[in-house]
Participant: 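Just dropping this structure here.
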Amino acid sequence: QVQLVESGGGLVQAGGSLRLSCAASGRTFSSNAMGWFRQAPGKERECVAAINWRGGGTYYADSVKGRFTISRDNAENTVYLQMNSLKPEDTAVYYCAAALSRYATTLPAEYNYWGQGTQVTVSS
């Protein structure tokens, strides 16, 4: 059974940091791009960061550039999202996902495996 399991979410004050992890099991995703999405209440799911299969290319949403860093460890089948200088507007459920292709994409429809999500709450 293929699973993506996120961890590392929680409650943090504005200006703080969190590191999200996404551990994959059931198959390797070393040949797939990976992405982090978030969804706040009443809003659409948006891609905040994505990374190519070898980690050489990345994408960041404008709202998180310079604050978030996506990385991956293919040997560990794990993807990370380091989130610094967090703001209340970063509050959302964060999901990791594995893409159909090798190259980073922002479109949810191009991801075929999803985790259950982890809540991130940033207080002001």
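The figures that follow rest on heavy atoms only: side chains count, while hydrogens, waters and symmetry mates do not.
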Participant: Which of these passes side chain to side chain contact (heavy atoms under 4.5 Å, CB included) with Met34: Thr78, Val79, Asn52, Asn74?
Facilitator: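 When side chain to side chain contact (heavy atoms under 4.5 Å, CB included) is applied between Met34 and each of Thr78, Val79, Asn52, Asn74, only Val79 qualifies.
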Participant: Please give me the minimum heavy-atom distance between Gly8 and Leu18, naming the atom from each residue.
Facilitator: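 Heavy-atom minimum between the residues: O-CD2, 3.7 Å.
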Participant: Is it the case that atom CD in Gln116 sees more than 12 heavy atoms from other parts of the structure closer than 6.0 Å?
Facilitator: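 Not buried by this count: 12 neighbours or fewer within 6.0 Å.
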Participant: Write down the atom of Gly55, the atom of Thr58, and the distance for their closest heavy-atom approach.
Facilitator: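 It is O-CG2, 4.5 Å.
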Participant: Following the transitive rule for hydrophobic clusters with a side-chain heavy-atom cut-off under 4.5 Å over Ile, Leu, Val, Met, Phe, Trp and Tyr, establish whether Phe37 and Ile70 coincide in one cluster.
Facilitator: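 No, separate clusters.
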Participant: Hey, what do you get for CD (Gln39) to CD (Glu46), rounding to the nearest 0.5 Å?
Facilitator: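 Here the rounded value is 9.5 Å.
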Participant: Would you say Arg54 has more than 12 foreign heavy atoms packed within less than 6.0 Å of its CZ?
Facilitator: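 Result for CZ/Arg54: open.
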Participant: Supply the atom-to-atom distance Arg72 CZ to Cys22 SG, rounded to the nearest 0.5 angstrom.
Facilitator: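 The CZ atom of Arg72 sits 10.0 Å away from the SG atom of Cys22.
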Participant: If you group Ile, Leu, Val, Met, Phe, Trp and Tyr by side-chain heavy-atom gaps below 4.5 Å, do Leu100 and Ile51 land in one group?
Facilitator: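 Different clusters: Leu100 never reaches Ile51 through Ile, Leu, Val, Met, Phe, Trp or Tyr contacts under 4.5 Å.
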Participant: With heavy-atom distances below 4.5 Å as the criterion, would you say the side chains of Arg27 and Asn32 are in contact?
Facilitator: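 Yes, close enough: below the 4.5 Å cut-off.
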Participant: Any carboxylate oxygen within less than 4.0 angstrom of a Lys/Arg side-chain nitrogen, looking at Asp90 and Lys87?
Facilitator: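 Looking at Asp90 and Lys87, the cut-off is not met.
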Participant: For Glu6 and Leu20, what are the C-alpha separation, side-chain angles and deciding distance, and is it a side-chain contact (heavy atoms from CB on, under 4.5 Å)?
Facilitator: CA-CA 7 Å; Glu6 303 96 337; Leu20 304 184; over 6 Å; no
Participant: If you take all heavy atoms of Val120 and Gly9, which pair is closest and at what distance?
Facilitator: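 Smallest interatomic distance, heavy atoms only, reads CG2-CA, 4.1 Å.
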Participant: Indicate the ring-plane relationship of Tyr94 and Phe68, choosing parallel, tilted or perpendicular according to the 30° and 60° boundaries.
Facilitator: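 Tilted, since the angle between the ring planes falls between 30° and 60°.
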Participant: Do Tyr113 and Tyr95 share a hydrophobic cluster (ILVMFWY, side-chain heavy atoms under 4.5 Å, transitive)?
Facilitator: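 No, Tyr113 does not connect to Tyr95 through the hydrophobic network.
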Participant: Hey, could you give me the OG/CD distance between Ser101 and Glu110, rounded to the nearest 0.5 Å?
Facilitator: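 Taking OG in Ser101 and CD in Glu110, the distance rounds to 6.5 Å.
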Participant: Supply the atom-to-atom distance Thr28 OG1 to Asn77 CG, rounded to the nearest 0.5 angstrom.
Facilitator: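 Result: 4.5 Å between the selected atoms.
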Participant: Test side-chain contact (heavy atoms from CB on, under 4.5 Å) on Gln119 and Thr91 and set out the steps.
Facilitator: CA-CA 8 Å; Gln119 177 71 45; Thr91 295; 4.0 Å; yes
Participant: Which atom names give the shortest non-hydrogen contact between Phe29 and Ala24, and what distance separates them?
Facilitator: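 Nearest heavy atoms, Phe29 then Ala24: CD1-CB, 3.4 Å.
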Participant: Could you grab the distance from atom OH of Tyr60 to atom CZ of Arg67, nearest 0.5 Å is fine?
Facilitator: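 Interatomic distance, Tyr60 OH to Arg67 CZ, rounded to 0.5 Å: 12.5 Å.
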Participant: Do you reckon Tyr80 sits in the same ILVMFWY cluster as Val48, going by side-chain contacts under 4.5 Å, direct or chained?
Facilitator: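 No, it is not one cluster - the side chains of Tyr80 and Val48 are not joined through contacts under 4.5 Å.
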Participant: For Ala14 and Ser124, which heavy atoms make the closest approach, and how far apart are they?
Facilitator: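 Closest pair (atom of Ala14, atom of Ser124, distance): CB-CA, 4.4 Å.
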Participant: Does a side-chain heavy-atom distance below 4.5 Å link Val64 with Arg38?
Facilitator: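 They are in side-chain contact.
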Participant: I'd like to know if Leu4 and Trp36 are part of one continuous hydrophobic network [Ile/Leu/Val/Met/Phe/Trp/Tyr, side-chain heavy atoms within less than 4.5 Å].
Facilitator: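 Trp36 clusters together with Leu4.
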Participant: How close do Trp114 and Pro108 get, counting heavy atoms only, and between which atoms?
Facilitator: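 Looking at all heavy atoms of both residues, the closest pair is CZ2-O, 3.6 Å.
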